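This structure is a prediction, so every number in the text was calculated from the model and none was measured. Start at 1 with the first residue, then count along the sequence.
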Amino acid sequence: MNTALALSLAIFFLAGVPIAVAIGLASVIGIEAHGRLPLLLVAQRMFTGIDSFPLMAIPLFILAGNLMSAGGISFRLVELAKSIVGGIQGGLAASCVLTCMMFASVSGSSVATTFAIGAILIPAMVRHGYPAPMAASVQASSAELGVLIPPSIPLILYGVSTDTSIGQLFLAGIGPGVLVAGALTALVLIMCRIRGIGLEDGKDRQKIGASVLAALPALIVPVVILGGIYTGVFTPTEASAAAVAAALLVGMLFYRELKFSDLPEILKKTVLATAAIMLIISAAALFSFLITRSGLPNEIAAWFKDMFESRLAFLLVVNLMLLIVGMFIETSAAILVLAPILTPIAVAYGVDPVHFGLIIVVNLALGMITPPLGVNLFAACAVANLSVEKIIPHLFWFVLTVFGALMVITYVPAITLWPMQTILGIN
């Protein structure tokens, strides 16, 4: 069955079959190859895979992100970031990183962050003399903070697929998110200094006091969400509902840019995005059940133990493998298929499952900005009206910077685990 699963999945991927369909068809072929499993398993396991309370957070966080975009929240966050760091050379690019980090604290989606923030900041950077490919590169790489800074949809998927605490994963994402944001900010400031770009970034920015006052309702949203989770007022899933309510109130009552007539289109976008993700989740649940039943995780664990005695070597090999996987396989599918296999192996090497979850997510976040399947890359190109070929030369330094941050996250677990250990007292 393992051979049938692997070969059919590889063939479907190479043939360009959609991810969810490829995983589902490969699973059916695996069942037929096994010969002793009923096809009834297909419907049963696909339904069971999405019959999960924590997964309810995904459509609600997507909806919250769409409401924020339509309700003027993203614009206020951009203005706040510009007022804080926009006065220095390269400050507009740095404000892109900072805004993405703030927006990510509600939306949980890197693609939503790309469209919401990129639609404002990419044209602004181009007007201030930034080359369009560089502006798109800054946005594409900054938007991946959407999967690191809590709440994060990939972290929810990892938690569900490995039975790891989502609250602990959210806490663990703070350190890596801040590290990647700091590294990208340093990179764009250095690039602007070397290339003589961004000398007039301070024009048209508001004073800090005015921008803070205007953005205050927007800043309440992440405070309510994260504060509610970590004080135990509500679970991460309940926090997603609170995010929707807060985004509605802020967009309709405070900024008054969100109208009831906008809701049908926002709900339509949310349903389409949710349906795509849930189909992948259900197909991956069936696939994961089959590979677990076949004993493949135990075989892979034994192979790793024979090949790599050192935990450091294991982590290096896993990083390289995940980087390649992230370039070709959609993030949600990669997490749902690989996390249940690799996490027990990592635990056997003494790696904390929460720490390992962040390693997986940061790796796959890199895949979001690398061809051929970089969703953030294509989204930024669409906003900037550029071809992918033009952006790739500018993207190299951003990929290298995030990879460097990944190595630090991998081999310095304290960056990931200190918030969990400090706030929750877990060692």
Just do the side chain to side chain contact (heavy atoms under 4.5 Å, CB included) check on Phe356 and Val318 with the steps written out, would you?
-> CA-CA 10 Å; Phe356 191 67; Val318 167; 4.0 Å; yes

Shortest non-hydrogen separation from [X] to [Y] and the atoms involved:
{"X": "Ala241", "Y": "Leu60", "value": "N-CD1, 3.9 Å"}
{"X": "Pro123", "Y": "Gly118", "value": "CD-O, 3.4 Å"}
{"X": "Ala26", "Y": "Phe287", "value": "CB-CE1, 4.4 Å"}
{"X": "Glu79", "Y": "Ser211", "value": "O-CB, 3.9 Å"}
{"X": "Ala365", "Y": "Val147", "value": "CB-CG2, 3.6 Å"}
{"X": "Ala334", "Y": "Val325", "value": "CB-CG1, 4.0 Å"}

Side-chain touch [X]/[Y], heavy atoms, less than 4.5 angstrom:
{"X": "Leu263", "Y": "Leu67", "answer": "yes"}
{"X": "Val250", "Y": "Leu258", "answer": "no"}
{"X": "Ser310", "Y": "Phe314", "answer": "no"}
{"X": "Val188", "Y": "Phe398", "answer": "yes"}
{"X": "Thr370", "Y": "Ile392", "answer": "no"}
{"X": "Leu219", "Y": "Met102", "answer": "yes"}
{"X": "Asn319", "Y": "Phe403", "answer": "no"}
{"X": "Ile166", "Y": "Thr235", "answer": "no"}

Should we count [atom1] of [X] as having more than 12 external heavy atoms under 6.0 Å?
{"X": "Tyr411", "atom1": "OH", "value": "yes"}
{"X": "Arg195", "atom1": "CZ", "value": "yes"}
{"X": "Asp163", "atom1": "CG", "value": "no"}
{"X": "Met278", "atom1": "CE", "value": "yes"}

Using a 3.5 Å distance criterion without hydrogens, assess whether the side chain of [X] forms a donor-acceptor pair with backbone atoms of [Y].
{"X": "Glu144", "Y": "Ile369", "result": "no"}
{"X": "Ser95", "Y": "Leu92", "result": "yes"}
{"X": "Tyr130", "Y": "Ala136", "result": "no"}
{"X": "Ser282", "Y": "Leu279", "result": "yes"}
{"X": "His128", "Y": "Ala124", "result": "yes"}
{"X": "Asn363", "Y": "Ile359", "result": "yes"}
{"X": "Gln89", "Y": "Cys192", "result": "yes"}
{"X": "His355", "Y": "Ile409", "result": "yes"}

Kindly state each residue pair satisfying side-chain hydrogen bond (donor to acceptor under 3.5 Å, both in side chains) with at least one member in residues 181-191, sequence neighbours excluded.
->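 side-chain hydrogen bond (donor to acceptor under 3.5 Å, both in side chains) check on residues 181-191 returns no pairs.
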
Spatial distance of atom [atom1] ([X]) from atom [atom2] ([Y]) [nearest 0.5 Å]:
{"X": "Met101", "Y": "Ile174", "atom1": "CE", "atom2": "CD1", "answer": "11.0 Å"}
{"X": "Arg193", "Y": "Leu189", "atom1": "CZ", "atom2": "CG", "answer": "8.5 Å"}
{"X": "Ile122", "Y": "Gln139", "atom1": "CD1", "atom2": "CD", "answer": "5.0 Å"}
{"X": "Leu184", "Y": "Leu179", "atom1": "CG", "atom2": "CG", "answer": "9.5 Å"}
{"X": "Ile391", "Y": "Leu377", "atom1": "CD1", "atom2": "CG", "answer": "5.0 Å"}
{"X": "Ile153", "Y": "Ser240", "atom1": "CD1", "atom2": "OG", "answer": "10.0 Å"}

Worked verdict on Val244 versus Phe61 for side chain to side chain contact (heavy atoms under 4.5 Å, CB included) | CA-CA 7 Å; Val244 172; Phe61 277 129; over 6 Å; no

Determine, stepwise, if the pair Val361 / Leu364 fulfils side chain to side chain contact (heavy atoms under 4.5 Å, CB included).
-> CA-CA 5 Å; Val361 170; Leu364 297 177; 6.0 Å; no

Would you kindly say whether Tyr158 and Thr343 are connected by a side-chain donor-acceptor distance under 3.5 Å?
->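 There is such a pair between these side chains.
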
Does the pair Thr99 and Leu80 meet the rule for a side chain to side chain contact (heavy atoms under 4.5 Å, CB included), with working shown?
-> CA-CA 8 Å; Thr99 307; Leu80 174 61; over 6 Å; no

Partners passing ring-ring contact (aromatic ring centres under 6.0 Å, His included) against Phe289 (at least two apart in sequence or in another chain) =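 Residues passing ring-ring contact (aromatic ring centres under 6.0 Å, His included) with Phe289: none at all.
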
